[in-house]
Amino acid sequence: MRLLRALPGQDTAGRQRSSSGSPAPVDPSQRGFPTACTACTARLLLAALREAPGMSPPLDPGSWSLQGHSGGSHTFSGTETEPAADLVFPCTLFLYLQKSLCMLQKVWVSSPGSWSLQESNSHRQGKKRCWKCRFVRTIIQHPCRRHAPKRSRKERMLRKIQICLCFCFVSGILYEISLLSSCVFSYLPMAQQYLTPEQVLNLGKSIIFLETTERLEPPPLVSCSVESAARIYQDRPIILFMRGLTNETALDMNTSYAAFSLLSSMKNVFLFPLQMETVFQETPLLQWYNQVVPEQEKNWVHVSSDASRLALIWKYGGIYMDTDVISIRPIPQESFLAAQKSRFSSNGIFGFPARHKFIWDCMENFVLKYNGNIWGNQGPFLMTRMLKTLCNLTDFQGTEDHSCQNISFLNPQRFYPIPYPAWSRYYQVWDKSPSFNHSYALHLWNFMNHNRKVVVAGSNTLAEKLYKTYCPTTYEDLIQNAKRTDLPGPEEVE
């Protein structure tokens, strides 16, 4: 799993910010690891040095500095025990542990004959002790065994407490580092069923898919869409919400479904139940949901999906994609709508930061002008009429994108290079396959696929080539395995 969140004091690219506010370069090998943790540990060591009696030569606390990962330094001054203003510590709990350790160190250092450096006469006779030896021995808080008197029971107990606190301190630091950096997927193995949707979504920048039918076996196109997104956006969580999946449905019980098992095994893919009442909380859609009768709705599967995607993107931010969208390269824009054609917006793929006003206005208009009998009235028609209230839409020229009040209206070539009247061309053999150099993803128009055309291994269609390139695991596990399963055995040939 690789959940990425910017560290305090860093931008999202993992770079340290200097005192002037401009980003400073950082060693890529150290990206994601805050110098604050190292600095606080050094502060503990400095506190021990200042308290240690007989320290020679004395250290000047006003000039001691720690070199950070970015090549700069953090200077410690005075006798403060609180972190300096320019050092950001990940968690309040660690501050408490730091203070506790400092107080315990003062007690240990002041205990005669136990934690302060004891010098025997043999060491004082003409042999000046090495300052580095004093420094290291003070750091580890352990006197020379030959000259250390036997500790009392109280001192042994205090040492055990110190070890426990240090263990908790270091474990907490490592845990916070793993959460705040991009290493969480690799170095913090965590069973996906133990994570809640809120824990994943609150990290932001999720790629969200919805399955509003009751099926638990995603078809190959759904699997391909999710897998391609997981490969293109490796540093972002990919979430598939499934209406048929409930809290009582254990993931282990569904391993008989090939696609379900395949998606569950992807390291940055999460499968969660779609609980609409929870999703619609704190949005204008909750009142509509409590009043509507799903059994009487003509297009409930589509309408419920239109509503759910708006609520999820408004509450958590990120990118929504239909389950028939194959990702081929990252989308650089953060706030965008996808033009299906000139002057007409799709709602099959869009992205916004959390709590964006445009999405809130869309939810209000969803309820105000709700008509479940008209397909798309709460979908692409909703997005189009709301965009028209902000700007005057014009035709696209070439591959240019339009911008309206900080919202990018992306060219149809970005996601719809093959328009919906020609949707079947994805399942045809091309003399020369298109390059899609101007596209971020491809919408395969599954809604238009009434004959349920599928990818067949060896057919050499455009869709098969896309599967091989952008979702090879799905192609291998679901397409080629299906072909081998359908082959007749020797006894059937006769």
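Quick note: residue numbers are just sequence positions, from 1.
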* Structure fact -> Separation between OG (Ser223) and CG (Leu263), nearest 0.5 Å, reads 4.5 Å

* **Check: Val455 and Leu466 side chains under 4.5 Å, non-hydrogen atoms** => no

* side-chain contact (heavy atoms from CB on, under 4.5 Å) between Glu464 and Tyr475, intermediate numbers included -> CA-CA 8 Å; Glu464 183 190 16; Tyr475 181 80; 2.5 Å; yes

* To do: Please report the closest heavy-atom contact between Leu478 and Ala258, naming both atoms and the distance.
  => CD2-CB, 3.7 Å

* To do: Apply side-chain contact (heavy atoms from CB on, under 4.5 Å) to the pair Ile328 and Ser439, showing each step before the final yes or no.
  => CA-CA 8 Å; Ile328 61 178; Ser439 301; 3.8 Å; yes

* Apply side chain to side chain contact (heavy atoms under 4.5 Å, CB included) to Thr399 and list each qualifying residue two or more places apart in sequence or on a separate chain. => Gln413, His438

* Tyr233 versus Ser327: any side-chain heavy-atom pair under 4.5 Å? -> yes

* Structure fact -> Between the SG atom in Cys404 and the CG atom in Leu390, the distance rounded to the nearest 0.5 Å is 5.0 Å

* Asked: Under a 4.5 Å cut-off applied to non-hydrogen side-chain atoms, are His443 and Gln340 in contact?
  -> no

* Asked: What pairs with Arg329 under salt bridge (charged side-chain N to carboxylate O under 4.0 Å, His left out), at least two apart in sequence or on another chain?
  -> none

* Hey, which of Tyr416, Tyr427, Trp423 is the one that makes ring pair (Phe, Tyr, Trp, His ring centres under 6.0 Å) with Trp445? -> Tyr416

* Within 6.0 Å of CD in Gln287, more than 12 heavy atoms from elsewhere -> no

* Asked: Can you list the residues that meet the side chain to side chain contact (heavy atoms under 4.5 Å, CB included) rule with Thr213, with sequence neighbours excluded?
  -> Glu211, Arg215, Val301

* Asked: Got a sec, which residues hit salt bridge (charged side-chain N to carboxylate O under 4.0 Å, His left out) with Lys357, two or more places apart in sequence or on another chain?
  -> Asp361

* With sequence neighbours excluded, tell me which residues meet ring pair (Phe, Tyr, Trp, His ring centres under 6.0 Å) with Tyr316. => none

* Near Glu282 CD, under 6.0 Å, is it more than 12 heavy atoms from other residues, nucleotides or ligands? -> no

* **Spatial distance of atom CZ (Arg231) from atom OH (Tyr470) [nearest 0.5 Å]** => 12.5 Å

* Asked: Looking only at heavy atoms, what is the nearest atom pair of Met266 and Ala230, with distance?
  -> SD-CB, 4.4 Å

* **Heavy-atom neighbours of Asn290 CG exceed 12 at 6.0 Å** => yes

* Asked: In terms of ring plane angle, is the pair Trp288 and Phe280 parallel, tilted or perpendicular, where the classes change at 30° and 60°?
  -> perpendicular

Using residues 347-356 as the side-chain source, report each donor-acceptor pair under 3.5 Å to any protein atom, sequence neighbours left out, with the distance given to one decimal.
from: Asn347; atom 1: ND2; to: Asp306; atom 2: OD1; distance (Å): 3.0
from: His356; atom 1: ND1; to: Phe358; atom 2: N; distance (Å): 3.1

* Structure fact -> Rounding to 0.5 Å, atoms CG (Asn268) and CD1 (Ile239) come to a distance of 10.5 Å

* Hey, does Pro220 have a side-chain heavy atom less than 4.5 Å from the side chain of Ile479? -> yes

* To do: Name all pairs fulfilling the salt bridge (charged side-chain N to carboxylate O under 4.0 Å, His left out) condition that reach into residues 403-414, sequence neighbours left out, sorted by first residue then second.
  => Asp401-Arg414

* Asked: Do the non-hydrogen side-chain atoms of Ile208 and Arg309 ever get within less than 4.5 Å of each other?
  -> no

In a table with atom names and distances, give each donor-acceptor pair under 3.5 Å that connects a side chain of residues 364-375 to protein atoms at least two apart or in another chain.
from: Glu364; atom 1: OE2; to: Trp360; atom 2: NE1; distance (Å): 2.9
from: Asn365; atom 1: OD1; to: Arg385; atom 2: NE; distance (Å): 2.7
from: Asn365; atom 1: OD1; to: Arg385; atom 2: NH2; distance (Å): 3.0
from: Tyr370; atom 1: OH; to: Glu297; atom 2: OE1; distance (Å): 2.6
from: Asn371; atom 1: OD1; to: Asn373; atom 2: N; distance (Å): 3.1

* **Neighbour count above 12 (heavy atom, 6.0 Å) for Phe344 CZ** => yes

* Rounded to the nearest 0.5 Å, what's the gap from CG on Leu210 to CG on Leu312? Could you check? => 6.0 Å

* Is there a side-chain contact between Tyr320 and Ser305, using heavy atoms and a 4.5 Å cut-off? -> yes

* Nearest atoms (heavy-atom pairs only) where Phe260 meets Leu245 -> CZ-CD1, 4.1 Å

* Asked: Hey, are the side chains of His302 and Gln378 touching, using non-hydrogen atoms and a 4.5 Å cut-off?
  -> no

* To do: Please list, chain by chain and in numerical order, all residues satisfying side-chain hydrogen bond (donor to acceptor under 3.5 Å, both in side chains) with Asn437, sequence neighbours excluded.
  => Ser435

* Would you name the heavy atoms of Ser225 and Thr323 that are closest together and state the gap between them? => OG-O, 2.9 Å

* To do: Please name all residues satisfying side chain to side chain contact (heavy atoms under 4.5 Å, CB included) with Ser408, sequence neighbours left out, ordered by chain then number.
  => Gln333, Phe336, Leu410

* Structure fact -> Nearest heavy-atom contact between Val279 and Thr283 is O-CG2, 4.3 Å

* To do: Over all heavy atoms of both residues, which pair between Pro417 and Pro419 is shortest? Give the atoms and the distance, please.
  => O-CD, 3.6 Å

* Side-chain heavy-atom pair Cys224, Ile326 within 4.5 angstrom cut-off -> yes

* **NZ (Lys453) with more than 12 external heavy atoms under 6.0 Å** => no

* For Asp324, what residues pass the salt bridge (charged side-chain N to carboxylate O under 4.0 Å, His left out) criterion, not counting sequence neighbours? -> none

* By side chain to side chain contact (heavy atoms under 4.5 Å, CB included) - contacts of Ser345 (at least two apart) -> Leu337, Met383, Thr384, Phe409

* Ile331 and Met321: side-chain contact (heavy atoms from CB on, under 4.5 Å), yes or no, with the steps? -> CA-CA 12 Å; Ile331 302 171; Met321 293 184 183; 4.3 Å; yes

* Structure fact -> Rounded to the nearest 0.5 Å, the CZ atom of Phe169 sits from the CD atom of Gln162 at a distance of 12.0 Å

